[in-house]
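Chain A is the first sequence line, chain B the second, and so forth, proteins listed ahead of strands; every chain is numbered from 1.
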Amino acid sequence: MKIATWNVNSIKARLDNALAWLRQANPDILCLQELKCEDHAFPAQAFEELGYNVLVHGQKTYNGVAILSKLKPEDVTRGLAGEDGDSQARYLEAVFARKSGVVRVASIYLPNGNPLGTEKFAYKLRWMDRLQARAKALLKLEEPLVLAGDYNVIPTPLDARHPENWTNDALFQPESRAKFRTLLNLGFTDAIRQVHGDEPGLYTFWDYQAGAWQRNNGIRIDHLLLSPQAADLLKSAHIDREVRTQEKPSDHVPVVIELKA
DNA sequence: ATGACTTCGGCACGAAGA
């Protein structure tokens, strides 16, 4: 079973890229982030024609997450508990029943948090605490669980071409990294690192500006975290860098894992 | 170099992204 995550930076602007990628990569599940559209405006039919079920948790202009799946979604959860009045669409979770058992998947768009010293950074840290609480509860289910998405966290210096350029950025703050590490230490496996070890140069995002792609000035911020039961099933994990060479690309590329059965 | 590029809303250019 192939599961992927991709921050598309507007699903309307990226519809052709997304359809082409699905035809070529043929994942069973694709988690999307930064849709930048409301539920009713999501181009569901185009994906349904490719054989996907479509789950959308959208919002006008900003944020928005979706899960496309060949299997029918069950037990759907929209939004992350823990903060009354939070209207930002950043979390969507569903369960899929395979013949070999269930797999639970979440599509996550963690807040960026810039600039530092503002409510935006405080919101990011609070959101990470809420995610940790949800993750803790889900681990008790002892299911294969994949928390996939744009975490907006550079976990270690190995995950940036120029870590020194990110020291004043919310993505690489000690507090952001510590909360990501705490989440991992609940018992999750970072799929890319599990498969590729300490290999440098594994990036999922390159800024549109200043020739970042051409200079390979990237960062790894899109992650698939696996519960122990999902980690047992892990066969492969890779970053589909080629997508960044396309016409009108997203600034992020898909990250793909394969699980047994 | 508080830049550079891309998207949205909506039709001008500011906000947001990372």
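Taking atom P on both B/dT6 and B/dG10, the two are 23 Å apart, rounded to the nearest angstrom. Taking the P atom of each, B/dA15 and B/dG3 are spaced 14 Å apart, rounded to whole Å. Across the P atoms, B/dT2 and B/dT7 are found 25 Å apart, a figure rounded to whole Å. Between B/dC5 and B/dA18, the distance separating the two C1' atoms is 12 Å to the nearest Å.
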Sugar-phosphate atoms are those with a prime plus P, OP1 and OP2; base atoms are the rest. Using that split, label each nucleotide of nucleotides 2-15 of chain B B, S or - for protein heavy atoms under 4.0 Å, 5' to 3'. --BBSSSS------

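Annotation: side chain of A/Trp127 is not in contact with side chain of A/Gln88 (no heavy-atom distance under 4.5 Å).
The closest side-chain donor-acceptor pair between A/Thr5 and A/Gln33 falls under 3.5 angstrom.
The base of B/dA18 sits within donor-acceptor range of the side chain of A/Asn112, with an N or O pair under 3.5 Å.
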Working note: A/Arg14 + A/Glu34, criterion salt bridge (Lys or Arg N to Asp or Glu O under 4.0 Å); need CA distance, chi angles, decisive distance, verdict. CA-CA 11 Å; A/Arg14 221 66 62 205; A/Glu34 254 198 298; over 6 Å; no

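Distance CZ (A/Phe180) to P (B/dA18): 15 Å, rounded to an integer number of Å.
No contact: A/Asp222 has no heavy atom under 4.0 Å from any strand. As judged by a 4.0 angstrom heavy-atom cut-off over every strand, A/Asn7 is placed among residues touching the sugar-phosphate backbone only.
Looking at A/Phe205, A/Tyr208, A/Tyr151 one by one, the single match for ring pair (Phe, Tyr, Trp, His ring centres under 6.0 Å) with A/His252 turns out to be A/Phe205.
A salt bridge links A/Arg220 with A/Asp190: at least one charged nitrogen is closer than 4.0 Å to a carboxylate oxygen. Ion pairing between a basic and an acidic side chain is recognised when a charged N comes within 4.0 Å of a carboxylate O; A/Glu258 and A/Lys2 show no such pairing.
Phosphate contact (OP1/OP2 of B/dA18, side-chain N/O of A/Asn152, threshold under 4.0 Å): present. Between A/His252 and B/dG17 there is no side-chain N or O to OP1 or OP2 distance below 4.0 Å.
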